[in-house]
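What follows is a set of notes on a single structure, which appears directly below.
All values derive from a computational prediction rather than experimental measurement. Reminder, nothing fancy here: chain letters follow the sequence lines and each chain counts from 1.
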2 protein chains.
Amino acid sequence: MTSLSTSARAVLAELTRRGRATRPQISQALSLSKPTVSTAMSELEELGLVREDGSVQGHTGRSALLWRIGEGAGHVLGVDVGVTRTRIHAHALSGERLLGVSRDVTSPASRSGAADLTASADAAGALLRETLPRLGDSGPLRQIVIALPTVVTDRDPAAASQSPEVHDMLKALSLPPAPLLLENNVNCAAVAEGNLGVAQDAAQFAYVQAGVRIGAALVIGGRLLRGASGWAGEVAHLPFPWDAGREPVPEGLERFLGAEHLLLRTAAAWPASEGAPPTSAEELFQRAGEGCPPAQRAVTEHATQVGRLVVAVVALIDPGLVVLGGGVGSNPLLVQGVQETLSTLSVPVEIRRSGLGATATVEGAAVLAREQALHRLIHA
Amino acid sequence: MTSLSTSARAVLAELTRRGRATRPQISQALSLSKPTVSTAMSELEELGLVREDGSVQGHTGRSALLWRIGEGAGHVLGVDVGVTRTRIHAHALSGERLLGVSRDVTSPASRSGAADLTASADAAGALLRETLPRLGDSGPLRQIVIALPTVVTDRDPAAASQSPEVHDMLKALSLPPAPLLLENNVNCAAVAEGNLGVAQDAAQFAYVQAGVRIGAALVIGGRLLRGASGWAGEVAHLPFPWDAGREPVPEGLERFLGAEHLLLRTAAAWPASEGAPPTSAEELFQRAGEGCPPAQRAVTEHATQVGRLVVAVVALIDPGLVVLGGGVGSNPLLVQGVQETLSTLSVPVEIRRSGLGATATVEGAAVLAREQALHRLIHA
DNA sequence: GTTAGTTAGGTCATTTACCTAACGAAGTAG
DNA sequence: CTACTTCGTTAGGTAAATGACCTAACTAAC
């Protein structure tokens, strides 16, 4: 493809920011003259990257044509290779969703919570092969982002597939040929919160996911903080307990704050008079909401501990906003307890609960894929 | 001043990166033609921003002239308003140091460790008035950065001086008219490590300062991570102890890891057979180095606790490199202990001790001032 | 000492990528 | 219908950067 002119790149970038826009709008936003915007737009139209889409009427004066990203710009895939369920979303480069499908991972490993990537990848691969033909003509596939429930040391699959586990997973997926990036699933969920969820207005925020496992992600100025080798946000490795006299356990926080251990602790403290203890986090929270005292005690205690993790995050990086997500973290009862724990802190911070649910990860992957594809189109 | 042309800006930026460079070097680095670089350089020379400085000989072919930032580019001031000592460094925009002076703060408050900004500002103001005339003709003063031992919520003094404490401090300083920014002292020290110290090769790193007080700073991609309201790195507010059964103390970590409490704990555990316990952190570390068992025990224990703080930093943001600084933190014995504590962690990380000493903060302030001044020259 | 080869640095016509000005087209307001 | 406003195109102009070419200055080798 011939390279775009500078002004065409600028116009394309502005158009992706606005979704739909008229040439006079773009002209004013970029401080470019009308002829310059017109020639740039023609250049983009000839490549199929933009197309006319209606016009603005009702104002005085001649009505302006509206423009948007066209079909020739192509589409992207977000793939969530999850432990219990795998999901695929396809988005056009214009931002509209073309497709969203999901499927359970049926494998013995999925119940223990251990990350059996191959089983998940098999499921995702099958789903992909059924789904891709349904996309029809949506232009070229420009980018795939795969969300993984593991630390992603190398986002570039060429480097990452030197690890046999990743290599096997990629083979099982049998992806169509397109640029590919790997990303951590918590990072993806955080991106979704920033673009589609409750953190859209925040310049920076922290995302803390509490569920079967516990993880965090940081977004600063719209960019993920990945760390020197992809380990940023892996709070499972925090020393816990952290006390002067006691030796902390490696992976201590994971064992302490994960859903499984929450249930074990709850069961241990459960009085016989209340019947059988809850067998899932959902049940525990439901019974706490119904006023069952031992369930309330367990939830309060757990919220306090998650709150201390949040305090640590806030004291270190002062995100201004913390979004709580995940099966346990997005529960309103938990959010309230976390807020109380934070009240002693002098750092100003807001807590919000995620409203995106289980699809946050795929949506984030799709957003990242679209961003990456647009970046390549615009800056190269 | 008339505005610079685009190519002149690019040439100036490249020249500040390289210090000294020839036109062909710049031409190649920026992919600009030789005539373009030459005209841009003439433009800069006419404004006094650059000047010839020797030539490169010994190579085959005609020898190229070397260029550097000139005197007309002016100079900047870094001011460290410290609790016990105040320092001022003046740097030319070329980077070379013009002046470095310091003075003790004589005030009752300085001994208790409480931040009496006014006393420090009085001392800094007096030092400034004596020092400025010595600068001679170094061109215009383009930027002042003041390092403060407090949280800096607003770097812009216009906004910050709404707080009476900051307002009084600025009044006591009676600064010459020039653009002014405030910055946290630990942040400044971290910048110094990244530009002049042991972190020059690191794309990102964390700086942990342990001394009378404890603080941290994060540098990502050459930029300070300041947080939403300037509280990033204020690890003093971390909950401690952090245990399931115990209630953490607000400001707990500060009380636990500060030098004063290290000495109190050491004295409490000091056996009568060893004579009087150490009265300063320097003495404690010296006696530990000489093989005194109770001193060694105290140092080891303290290193373990600092190590756990470092583990928390690493688990959250994976900096890849952690620089230990401050009166206590930069001691080799402490660094060793921290390294051992980190050995259980699966995140790859390197620990280095700061070699800059007590001037790190001013130097960082001067570096920030120079960066800011260059940024304004180049991008406006 | 001389000459060949290489690199620095300047001059000038040309291209590129914008801009402003002006005008017809297409809408609204009265 | 007339007056007015805004859109979008055409024509002409300009500043910045380029490529091609030349001279200057230096090194290496004979």
First and last nt of DNA chain C near chain A, cut-off under 4.0 Å to heavy atoms, 5' to 3', are C/dC18 to C/dT28
Tell me whether the rings of A/His91 and A/His89 are parallel (<30°), tilted (30 to 60°) or perpendicular (>60°). parallel
With A/Glu193, which of A/Val219, A/Leu321, A/Leu356 fulfils side chain to side chain contact (heavy atoms under 4.5 Å, CB included)? A/Leu356
Give one of base, sugar-phosphate or nothing for A/Ser5, where a contact means two heavy atoms less than 4.0 Å apart. nothing
How about B/Arg223: does its CZ atom have over 12 heavy atoms from other parts shown lying under 6.0 Å from it? no
Please list residues of residues 23-38 of chain A whose heavy atoms come under 4.0 Å from any atom in DNA chain C, ordered by number; otherwise none. A/Ser31, A/Leu32, A/Ser33, A/Pro35, A/Thr36
Under 3.5 Å, is there an N or O donor on one side and an acceptor on the other linking the side chain of A/Arg62 and the base of D/dC7? yes
Applying side chain to side chain contact (heavy atoms under 4.5 Å, CB included) between B/Leu180 and each of B/Val145, B/Leu170, B/Leu77, report the one that passes. B/Leu170
Is B/Asp154 reaching over with its side chain to a backbone N or O of B/Asp156, donor-acceptor style, under 3.5 angstrom? no
Touch check for A/Ser7, heavy atoms < 4.0 angstrom, all strands: base, sugar-phosphate only, or nothing? sugar-phosphate
Any sub-3.5 Å donor-acceptor pair from A/Gln28's side-chain atoms to A/Gln25's backbone N or O? no
Separation of B/Glu43 atom CD from D/dA15 atom P, in whole Å? 14 Å
Would you tell me whether B/Thr39 and B/Ser42 have side-chain atoms, one donor and one acceptor, within less than 3.5 Å of each other? no
Between the main-chain N or O of A/Gly221 and the side-chain N or O of A/Gln204, is there a donor-acceptor pair closer than 3.5 Å? no
